[in-house]
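The structure under discussion appears below in the form of structure tokens.
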Amino acid sequence: MKEIFKSGYAGIFGLPNAGKSTLLNKILDFELSPVSKKPQMTRNRILGILNGNQYQVVIIDTPGFIDPKYKLQKHMANQIQKTIKDCDVAIYVTEPVEPIDKDVDLSKSLMSPSVLCINKIDKIKDKRKLLPLIDSWRKKRDFEDIILISALQGDNTEKLIQSVVKLLPQGPKYFEEDDITDRNERFYCSEIIRETCFDIYEKEIPYSVSVVIDDFKERDKRKKHYIKASVYVERKSQKGIIIGENGKMIKKLGTVSREKIESFLGKSVFLDLSVKLMKNWKDDSEKISKLGYND
Ligand code: GDP
Ligand code: MG
């Protein structure tokens with residue numbers, strides 16, 4: 001008897017910093033979605049494709065649930081709403097702490113069969129301490145499955161995949177076997193530069209940054225990729241901070257980003273960065289769409 005092939009979309013949801021992007025990367029075994037200690041790093045839906053024996057799961061990482069205060073955050077909230085509607089299975093990621101009321105409320109907005117992942121269990125030495133927490137969840141929201149995971153270490157991520165596959169409908173292969181995402185390399189290079197901003201700049205700076213790739217080409221002779229990128233900021237004073245004294249910070253941004261991009265592309269890269277001002281872009285629909293955030 002021929003086994004049936006299952007496929008579909010699985011959305012990853014949760015509060016900022018729950019570990020959603022880390023989970024996607026661990027499942028794919030690839031640094032696809034940018035991760036940061038600081039919340040609200042993810043601005044776009046990031047789609048990763050997992051092929052297995054008799055299944056294909058298209059996993060969508062979303063920005064964390066937030067109360068939108070400006071246009072960019074509205075765009076982020078729209079991305080979540082779209083994914084809620086489109087997905088066949090929902091994965092709700094939460095941290096192993098009480099109270100859980102806010103999480104419970106948000107998880108109730110999910111419309112598809114849902115699996116709860118209590119993440120970061122590597123932080124909990126005595127696992128018995130998790131029992132009351134699991135109990136609280138059981139009382140407040142009915143999930144198809146509750147799985148204790150460590151997205152960072154990969155504990156129980158295989159079990160999660162099995163649980164998701166069980167809930168998927170029968171369906172076709174949506175993507176080719178060797179595709180891992182639906183976005184192009186340009187997009188990921190811009191995300192890597194933005195992620196590096198989260199690593200090296202403080203306070204509000206990384207939140208004010210948007211990165212656009214202006215040119216991306218392979219140079220025939222040296223086989224080195226040439227990438228020209230603009231780092232947009234919201235205010236004039238931020239330009240100086242990005243550049244730093246004697247260009248020290250932009251140099252660091254360039255070096256760290258280039259190394260990450262080289263490892264992502266598996267090629268040597270010449271990275272040409274410039275800093276530009278786009279006044280108050282975060283609260284201007286036209287500007288955010290120019291910067292590539294399209295609903
Ligand atoms: P997101 O906002 O939900 O996408 O969260 P991220 O994936 O960006 O992760 C937020 C922070 O939590 C990062 O510093 C991660 O390294 C950390 N993190 C994620 N998963 C785990 C985990 O399983 N264990 C621990 N200890 N930290 C984690
Ligand atoms: Mg994220």
Side-chain angles (χ1 to χ4, degrees), residues 7-51 56-66 68 72-93 106 110 112 115 117 119 149 151-152 154 157 160-161 164 174-176 178-199 206-207 209-213 216 229 257 260-261 263-265 288-289 291-295:
S7 67
Y9 286 75
I12 306 182
F13 305 92
L15 287 167
N17 239 26
K20 301 177 291 299
S21 300
T22 306
L23 177 61
L24 176 68
N25 291 342
K26 182 54 91 178
I27 291 175
L28 297 176
D29 194 19
F30 189 74
E31 299 298 315
L32 184 68
S33 193
V35 168
S36 173
K37 279 195 194 70
K38 297 168 193 161
Q40 291 185 46
M41 162 75 223
T42 310
R43 287 179 185 162
N44 297 286
R45 316 210 270 186
I46 304 246
L47 183 153
I49 300 150
L50 180 71
N51 289 294
Q56 181 176 70
V57 199
V58 182
I59 307 165
I60 301 166
D61 181 21
T62 62
F65 284 104
I66 37 157
L72 175 67
Q73 289 185 330
K74 287 205 180 94
H75 162 83
M76 289 156 74
N78 288 342
Q79 301 290 302
I80 300 174
Q81 288 313 317
K82 244 198 222 163
T83 313
I84 288 180
K85 286 204 200 98
D86 293 349
C87 68
D88 300 287
V89 178
I91 300 168
Y92 192 87
V93 182
L106 293 171
L110 303 176
S112 316
V115 175
C117 286
N119 188 28
I149 66 164
L152 201 61
T157 48
L160 167 66
I161 295 164
V164 168
Y174 291 107
F175 293 88
E176 298 289 329
D178 39 356
D179 285 347
I180 128 153
T181 184
D182 65 334
R183 299 240 198 198
N184 58 23
E185 291 177 333
R186 279 172 98 113
F187 169 76
Y188 286 103
C189 291
S190 72
E191 285 288 272
I192 288 170
I193 299 168
R194 204 167 61 79
E195 180 188 55
T196 310
C197 289
F198 271 81
D199 292 341
Y207 297 99
V209 162
S210 205
V211 178
V212 171
I213 305 292
F216 186 107
S257 304
K260 287 201 231 170
I261 290 173
S263 115
F264 179 83
L265 296 174
I288 68 170
S289 122
L291 290 169
Y293 302 100
N294 296 307
D295 283 331

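The shown structure was predicted, so the numbers you read here are calculated from the model rather than taken from an experiment.
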Considering residues at least two apart in sequence or located in another chain, which fulfil the side chain to side chain contact (heavy atoms under 4.5 Å, CB included) criterion with V115?
D145, I147, L160, S163, L167
Is a side-chain N or O of R186 found less than 3.5 angstrom from the main chain of I213, in a donor-acceptor match?
yes
Under the rule for side chain to side chain contact (heavy atoms under 4.5 Å, CB included), what residues qualify as partners of L106, not counting sequence neighbours?
L15, F65, Y92
Contact between I91 and C117 at the side-chain level, heavy atoms closer than 4.5 Å - yes or no?
yes
Applying ring-ring contact (aromatic ring centres under 6.0 Å, His included), name anything that partners F175, two or more places apart in sequence or on another chain.
none
How long is the span from the OG atom in S33 to the CD1 atom in I59, to the nearest 0.5 Å?
11.5 Å
For N51, check side-chain hydrogen bond (donor to acceptor under 3.5 Å, both in side chains) against everything at least two apart and list the hits.
Q56
For F187, give me all partners under ring-ring contact (aromatic ring centres under 6.0 Å, His included), at least two apart in sequence or on another chain.
none
Excluding sequence neighbours, so at least two apart, what forms side-chain hydrogen bond (donor to acceptor under 3.5 Å, both in side chains) with T83?
R45
Donor-acceptor under 3.5 Å (N119 side chain, V93 main chain)
no
Can you sort out the partners of Y188 under side-chain hydrogen bond (donor to acceptor under 3.5 Å, both in side chains), two or more places apart, ordered by chain and number?
T181
4.5 Å side-chain heavy-atom contact, P39 and Y207:
yes
Spell out, as yes or no, whether a donor-acceptor pair under 3.5 Å connects the side chain of R194 to the backbone of M41.
yes
List the steps and the verdict of side-chain contact (heavy atoms from CB on, under 4.5 Å) for I12 and I60.
CA-CA 6 Å; I12 306 182; I60 301 166; over 6 Å; no
Check whether any side-chain heavy atom of I46 sits under 4.5 Å from a side-chain heavy atom of T62, and report yes or no.
no
Could you check whether any side-chain N or O of D61 sits under 3.5 Å from a backbone N or O of L24, counting only pairs where one atom can act as donor and the other as acceptor?
no
According to salt bridge (charged side-chain N to carboxylate O under 4.0 Å, His left out), who are the partners of D199, at least two apart in sequence or on a separate chain?
K260
Non-hydrogen side-chain atoms of R183 and L47 separated by less than 4.5 Å:
no
Heavy-atom side-chain proximity of R43 to Q79 below 4.5 angstrom
no
Apply the test side-chain contact (heavy atoms from CB on, under 4.5 Å) to residues I180 and I49: give CA-CA distance (whole Å), side-chain angles for both, the deciding distance (0.1 Å), then the verdict.
CA-CA 5 Å; I180 128 153; I49 300 150; 5.5 Å; no
Which heavy-atom pair separates S257 from I193 by the least distance, and what is that distance?
OG-CA, 3.8 Å
If every non-hydrogen atom of I80 is compared with every non-hydrogen atom of G64, which pair is closest and at what distance?
CD1-O, 3.6 Å
Locate the shortest heavy-atom distance separating E191 from P34; write the atom from each residue and the value.
OE1-CG, 3.4 Å
Please give me the minimum heavy-atom distance between L28 and L32, naming the atom from each residue.
CD1-CD2, 3.5 Å
In Å, rounded to the nearest 0.5 Å, how long is the span from CG of L72 to CG of L291?
9.0 Å
Please check: side-chain N/O of T22 versus main-chain N/O of A151, any donor-acceptor pairing under 3.5 Å?
no
Looking at CZ of F30 and CG of L50, how far apart are the two atoms once the value is rounded to the nearest 0.5 Å?
14.0 Å
Polar side-chain atom of N17 near backbone of K37 as donor-acceptor pair, under 3.5 Å
yes
Going by heavy atoms in the side chains, are T42 and P16 under 4.5 Å from each other?
no
Would you name the heavy atoms of S112 and C87 that are closest together and state the gap between them?
OG-O, 2.7 Å
Set of residues satisfying side-chain hydrogen bond (donor to acceptor under 3.5 Å, both in side chains) with respect to D182, sequence neighbours excluded:
none
dist S21:OG -> E195:CD (nearest 0.5 Å) comes out at 9.0 Å
Rounded distance [0.5 Å steps], CD in Q73 versus CD1 in I288:
10.5 Å
Would you say F13 and I84 make side-chain contact, with heavy atoms under 4.5 Å?
yes
Side-chain touch V57/S7, heavy atoms, less than 4.5 angstrom
no
Evaluate the ring planes of Y174 and Y9, with Trp represented by its six-membered ring, and classify them as parallel (under 30°), tilted (30 to 60°) or perpendicular (over 60°).
tilted
Can you pull out every salt bridge (Lys or Arg N to Asp or Glu O under 4.0 Å) where at least one residue sits in residues 8-33? Sequence neighbours excluded, please.
none
